[in-house]
K.L.:
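I have a structure I would like to understand better, so I am pasting it below and will then ask my questions one at a time.
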Amino acid sequence: VKEYILLFVSAALVNNVILARFLGLCSFMGVTTRVDTAVGMGMATTFVITVSSMIDWAVEMYLLQPYGLGYLRTVTFILVIAAAVQFTEMTVKKVSPTLFQMLGIYLPLITTNCAVLGVALLLVEGHMNFIASACFAFASSIGYSLVMVIFAGLRERLALAEVPRLFAGPPVGFLTASLLALAFMGFSGMSTQ
Amino acid sequence: MDMKVHLDCSAGNLVEANARIVAFDREGAWLEPEPGTSCGSCASAAACGAKGLGSQASRLEGRRFRLAVPADLAIGDRVVVGMPEKALVKAAFTAYGLPLAGLLTAGILGQSVGLEQPLVLAASLGGLGGGLMLARLIAARLTRHGDTAPRFLRRADAGIAPLQRRPSP
């Protein structure tokens, strides 16, 4: 259990996908103008990262490695991610058309989110077993969602603050992101996994 | 057309969005949401591949919904609809959180009883299916109680958006 807790803390906080690995910056800046959109995007991304990483693990273990097809890894993983997003859309629509209307807008953005591919490729490097892979992917995506919501909250406040004209908008957003990254550096040293 | 409009602004913070009336039927108006700021409307929309993957959610026709609106509105009018923030979080948790919880719980249980890796994978998929079924039940209950239904708030500003306005000669 301790091993999994360390893995979770490491993936979510110490090696945060956005602030330590600098993945998913497009959605980080684009979808964090409001907290509610950040929550919706975060939850959708969490689901897709976990499910696609699980499938990617199976594809890597039972197809790419045994047949020496490692050079097809990136292409295969992109295909799996696109399929996972389509599966998620179809499933959510089937489970509840109302929820699909509310949440479906975030799903097309995930297909091109490099954080999803990044997490899958990190799993391959980590040589983990299935559950460790699923926990790592889940924790990474929780870290992604956490940072999205924190940053959206900060940007909502920044929108009301008096900012010099040249810094208004994205520039002050990037400055805030850098301060947030510095704050997250405080977690480094907690876990080295 | 005599339609009863329920205006309820007592539910705390509301998430607002613009929609356009595209049709009327006996039970109300059909509205089509306007593309949000998140995708397809930024300066890089033409070069961005986010919308080009045949995603169902990117097609606005697929996201039409029915709503009771005041009788003086007509097809083409833009309105502002709202939904409580809590409803969005609840919906996100139901749609994504429950299946994920099922997936991870079943996988961890399978691992803890010493199953082989392919069986752990199968157990996780079973947990995902179970979570989806539970999500379906809860989503049906939310829909039945009207928790996730959008509400008509007001008519959106009439006129053309500033960027689309023609320059005066």
K.L.:
Quick check on F138(A) against chain B: is it the side chain, the backbone, both or neither that has a heavy atom closer than 4.5 Å?
P.N.:
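Contact with chain B involves the side chain of F138(A) alone.
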K.L.:
What I'd like to find out is whether the side chain of T88(A) reaches to under 4.5 Å of the side chain of Y96(B), using heavy atoms alone.
P.N.:
yes
K.L.:
Nearest 0.5 Å please: distance from the OG atom of S133(A) over to the CG atom of L121(B).
P.N.:
10.5 Å
K.L.:
Considering only heavy atoms, which portion of S112(B) lies under 4.5 Å from any heavy atom of chain A: side chain, backbone, both, or neither?
P.N.:
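Contact with chain A involves no heavy atom of S112(B) at all.
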K.L.:
Is there side-chain contact between E116(B) and F130(A), with heavy atoms separated by less than 4.5 Å?
P.N.:
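When only atoms from C-beta onward are counted, F130(A) and E116(B) do not touch, as no gap falls below 4.5 Å.
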K.L.:
Hydrophobic clusters here meaning ILVMFWY residues chained together by side-chain heavy-atom distances under 4.5 Å, can you tell me if M29(A) and L166(A) are in one?
P.N.:
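Different clusters.
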K.L.:
Is there a path from V51(A) to L63(A) through hydrophobic residues (I, L, V, M, F, W, Y) whose side chains come within less than 4.5 Å of each other?
P.N.:
yes
K.L.:
Please say yes or no: joined through hydrophobic side-chain contacts below 4.5 Å, possibly via intermediate residues, are I150(A) and L158(A) part of one cluster?
P.N.:
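Looking at the clustering, L158(A) is in a separate group from I150(A).
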K.L.:
Tell me, side chain or backbone of L103(B) under 4.5 Å from chain A's heavy atoms, or both, or neither?
P.N.:
side chain
K.L.:
Could I get the full list of side-chain contact (heavy atoms from CB on, under 4.5 Å) partners for L175(A), not counting sequence neighbours?
P.N.:
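side-chain contact (heavy atoms from CB on, under 4.5 Å) list for L175(A), sorted by chain: F167(A).
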K.L.:
Tell me whether Y4(A) shares a hydrophobic cluster with V113(B), the cluster being built from Ile, Leu, Val, Met, Phe, Trp, Tyr side chains joined at under 4.5 Å.
P.N.:
yes
K.L.:
Report yes or no: do L180(A) and F22(A) belong to one cluster of Ile/Leu/Val/Met/Phe/Trp/Tyr joined by side chain heavy-atom distances under 4.5 Å?
P.N.:
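Linked, L180(A) and F22(A) end up in one cluster.
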K.L.:
Less than 4.5 Å to any heavy atom of chain B: does that hold for the side chain of T91(A), its backbone, both, or neither?
P.N.:
side chain
K.L.:
Would you sort out whether M54(A) and L125(B) count as a side chain to side chain contact (heavy atoms under 4.5 Å, CB included), showing the intermediate values?
P.N.:
CA-CA 10 Å; M54(A) 198 180 82; L125(B) 289 175; 3.4 Å; yes
K.L.:
In terms of heavy-atom contacts, does OH of Y62(A) have more than 12 from other residues, nucleotides or ligands at under 6.0 Å?
P.N.:
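Yes - once you tally the heavy atoms of other residues, nucleotides and ligands closer than 6.0 Å, there are more than 12.
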K.L.:
Hey, are the side chains of F47(A) and L128(B) touching, using non-hydrogen atoms and a 4.5 Å cut-off?
P.N.:
yes
K.L.:
Go through the structure and list residues passing salt bridge (Lys or Arg N to Asp or Glu O under 4.0 Å) with R20(B), not counting sequence neighbours.
P.N.:
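Partners of R20(B) by the salt bridge (Lys or Arg N to Asp or Glu O under 4.0 Å) criterion, ordered by chain and then number, come out as E34(B).
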K.L.:
What I'd like to find out is whether the side chain of I131(A) reaches to under 4.5 Å of the side chain of Q117(B), using heavy atoms alone.
P.N.:
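SC-SC contact between I131(A) and Q117(B) ruled out.
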K.L.:
Is there a side-chain contact between Q111(B) and N129(A), using heavy atoms and a 4.5 Å cut-off?
P.N.:
yes
